[in-house]
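In what follows, a structure is listed as structure tokens, so that the remarks can point back to it.
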Amino acid sequence: METERHSPRYSAIEALSPGDILEAMIEGQFAAVAAVRAARPALEEAALAMEPRLRDGGRLGYAGAGTSGRLAIQDGAERTPTFSWPQERLLLLIAGGREALIQSVEGAEDDSDEAIRLVRRYAMEARDVLIAVAASGTTPFTLACLREAKQRSALTVAIANNRDTPLLVEAEHAIWLDTGPEPIAGSTRMKAGTAQRIALNLLSSLVMIRLGRVYRGLMVDLKAVNKKLLRRSEKILLELSGGSREEVHEALRRAEGNVKTALLLLEGCDPEEAARMLDRSGGRLREAKALIETRRGAKQQT
């Protein structure tokens, strides 16, 4: 496997000056970005396949082991504060469980039986999506998660750094990140990990944008779980509505913290109409506003 191969380019890395060692590793990070760019068509296809299932109420799942698992879980965990993705529709499967988030759990990545138990425990089904991540493309835990999810008709997306490996071959949507050998042979937390992190970020963010959780480049579906995010909600509404701080505060109160609803209230809707238009538009604020304008225009003509 390319990620395990010892590259002549880095064979004397420890003999280099500190600056040259850093330069060699930085070079690897640029290679990771290039690998993701090359995978752009696969990322787009996967996102478009994920969209209808998640729009239909499906759950978004992530599976992995070791570094890949921690990167996958991190991406999943960020969906809720950033885009208000419901916790009950987020499945985080990592070999070794919570303990593996902060330290290595010996043998966990080889436990295929535990992977199958987890997928069955969550009762994955046709509306669900599973993103499985493994640099090698062969990790038993991750591969078993993907196979069981696919068996249960969930949509499967795989991200791996070695070509034509089982994870990529068996997934419905395969994203190959061609990062090659690492500056430290086999240390896939380096180039491979960077590429995985970028790919996960792009994939999930594109899906969230497609699902209407971004408007005019702003996080209009963020969940204000702390003071910083509450201030961000207020700032977003001040920018989008042009209202006063007092008006924004009142709209957020009436909307129970929902930024989209608050914006529609600031633009003259009542709570019932705002909820109805957001429901009809699938939560996409741009379309909800268009529906409201069309309705108002029709009323004026009559």
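The shortest heavy-atom contact between Arg127 and Arg53 is O-CB, 3.1 Å. Here the shortest heavy-atom pairing between Ala42 and Ala174 reads CB-O, 3.6 Å. Minimum interatomic distance between Ala39 and Ile175 (heavy atoms only, all atoms of both residues): CB-CG2, 4.0 Å. Taking all atoms of both residues into account, the shortest heavy-atom contact from Ala72 to Ala63 is CB-O, 4.5 Å. Listed here is the closest heavy atom pair of Ala95 and Ala108: CB-O, 3.5 Å. Among all heavy-atom pairs drawn from Ala195 and Val36, the shortest one is O-CG2, 3.4 Å.
For the pairing with Leu263, the side-chain contact (heavy atoms from CB on, under 4.5 Å) check across Leu252, Val248, Leu240 returns one residue only, Leu240. For the side chain to side chain donor-acceptor pair (under 3.5 Å) with Thr3, the qualifying choice from Asn162, Thr165, Thr188 is Asn162, the only one to do so.
Side-chain contact between Asn161 and Glu2: absent, with no pair of heavy atoms (C-beta onward) separated by less than 4.5 Å. Two residues are said to be in side-chain contact when any heavy atoms from C-beta on lie closer than 4.5 Å; Leu265 and Pro271 meet this criterion. Residues Met277 and Cys269 have side chains not in contact (no heavy-atom distance under 4.5 Å, counting atoms from C-beta outward). Taking 4.5 Å as the limit, every side-chain heavy atom of Ile292 sits out of range of all side-chain heavy atoms of Glu267. Within the 4.5 Å cutoff, the side chain of Val133 has heavy atoms near those of the Leu200 side chain. No side-chain heavy atom of Thr179 sits less than 4.5 Å from a side-chain heavy atom of Met190.
Summarising the geometry, atom CD belonging to Glu234 is positioned 4.0 Å from atom NE2 belonging to His249; distances are rounded to the nearest 0.5 Å. With rounding to the nearest 0.5 angstrom, the CG atom of Asp221 is 12.5 Å from the CZ atom of Arg79. Atom CZ of residue Arg276 and atom CZ of residue Arg280 lie 8.5 Å apart, to the nearest 0.5 angstrom. To the nearest 0.5 Å, the span separating CD1 on Ile184 from CD1 on Ile13 amounts to 6.0 Å. Taken to the nearest 0.5 Å, the OG1 atom of Thr294 stands 11.0 Å off from the CD atom of Glu287. Note that CD of Glu148 and OG of Ser112 are 11.0 Å apart. Values are rounded to the nearest 0.5 Å.
Applying the side-chain hydrogen bond (donor to acceptor under 3.5 Å, both in side chains) test to residues at least two apart or on different chains, none of the pairs has a partner in residues 36-47. Identified under the side-chain hydrogen bond (donor to acceptor under 3.5 Å, both in side chains) test for residues 206-218, with sequence neighbours left out: Glu51-Arg210. For residues 128-144, every residue pair satisfying the side-chain hydrogen bond (donor to acceptor under 3.5 Å, both in side chains) rule, not counting sequence neighbours, is listed here: Arg59-Asp128, Ser136-Thr138, Ser136-Thr139. Note on residues 129-139: no pairs pass salt bridge (charged side-chain N to carboxylate O under 4.0 Å, His left out), not counting sequence neighbours.
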Please output the side-chain donor-acceptor pairs of residues 15-23 that fall under 3.5 Å, not counting sequence neighbours, one pair per line with the distance.
from	atom 1	to	atom 2	distance (Å)
Ser17	OG	Asp20	N	3.2
Ser17	OG	Asp20	OD2	3.3

Query - Intermediate values then yes/no, side chain to side chain contact (heavy atoms under 4.5 Å, CB included), Trp85 and Leu211 - result: CA-CA 11 Å; Trp85 187 255; Leu211 291 174; 3.9 Å; yes

Query raised in the report: Which is it for Leu92 and Leu90 under the side chain to side chain contact (heavy atoms under 4.5 Å, CB included) test, yes or no, and what are the steps along the way?
Result: CA-CA 7 Å; Leu92 305 176; Leu90 182 64; 3.9 Å; yes

Report task. In sequence, state the C-alpha distance, the side-chain angles, and the governing distance for Ile131 and Met50, and then conclude on side chain to side chain contact (heavy atoms under 4.5 Å, CB included). Result -> CA-CA 10 Å; Ile131 303 172; Met50 292 166 63; 3.9 Å; yes

**Report entry** Check against side chain to side chain contact (heavy atoms under 4.5 Å, CB included), Arg189 and Glu182
**Finding:** CA-CA 9 Å; Arg189 66 185 180 81; Glu182 297 285 357; over 6 Å; no

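Counting only N and O atoms by type, the side chains of Gln29 and Thr194 include a donor and acceptor under 3.5 Å apart. Inspection of the Gln196 and Ser68 side chains reveals an N or O donor paired with an N or O acceptor under 3.5 Å. Using modelled atom types, one finds a donor on one side chain and an acceptor on the other under 3.5 Å when comparing Asp75 with Ser204.
In this structure a side-chain-to-backbone donor-acceptor pair under 3.5 Å is present from Arg89 to Leu54. One N or O on the side chain of Ser281 and one on the backbone of Leu278 form a donor-acceptor pair closer than 3.5 Å. Of the possible polar contacts, one joining the Asn226 side chain to the Lys228 backbone as a donor-acceptor pair under 3.5 Å is found. In terms of modelled atom types and a separation under 3.5 Å, the side chain of Lys150 and the main chain of Glu170 share a donor-acceptor contact.
Chaining together hydrophobic side chains whose heavy atoms lie under 4.5 Å apart places Leu168 alongside Trp176. Other members of the hydrophobic cluster containing Leu130, listed by chain and number, are Leu91, Leu93, Leu118, Val119, Tyr122, Met124, Phe141; membership follows side-chain contacts under 4.5 Å among ILVMFWY residues, whether direct or relayed. By the 4.5 Å side-chain criterion applied to Ile, Leu, Val, Met, Phe, Trp and Tyr, Leu143 is assigned to a cluster that also includes Leu146, Leu167. Hydrophobic cluster of Ile116: no remaining members, since no ILVMFWY side chain lies below 4.5 Å from it.
Classification of Glu250 and Arg253 as a salt-bridged pair holds, one side-chain N sitting under 4.0 Å from a carboxylate O. A salt bridge links Glu78 and Arg197; the closest N-O separation between the charged side-chain nitrogens and carboxylate oxygens is under 4.0 Å. A salt bridge links Glu114 with Arg117: the closest approach of a Lys/Arg side-chain nitrogen to an acidic carboxylate oxygen falls below 4.0 angstrom.
Note: the hydrophobic cluster containing Leu266 also contains Leu291 (ILVMFWY, side chain heavy atoms under 4.5 Å, direct or indirect links). Connection of Leu229 to Leu218 is established within a shared hydrophobic cluster, with ILVMFWY side chains joined at heavy-atom distances below 4.5 Å, either directly or through further cluster members. Connection of Ile73 to Leu60 is established within a shared hydrophobic cluster, with ILVMFWY side chains joined at heavy-atom distances below 4.5 Å, either directly or through further cluster members.
Counting heavy-atom neighbours within 6.0 Å of Arg5 CZ, excluding the residue itself, gives a total above 12. Summarising the local packing, CD of Glu27 is surrounded by more than 12 heavy atoms from other residues, nucleotides or ligands at distances under 6.0 Å. In Glu14, the CD atom is crowded: over 12 heavy atoms of neighbouring residues, nucleotides or ligands sit closer than 6.0 Å.
With sequence neighbours left out, Asn201 forms a side chain to side chain donor-acceptor pair (under 3.5 Å) with Ser205. Applying the salt bridge (charged side-chain N to carboxylate O under 4.0 Å, His left out) test to Glu172 and every residue at least two apart in sequence or in another chain returns nothing. Shown here are the side chain to side chain donor-acceptor pair (under 3.5 Å) partners of Asp178, two or more places apart in sequence or in another chain: there are none.
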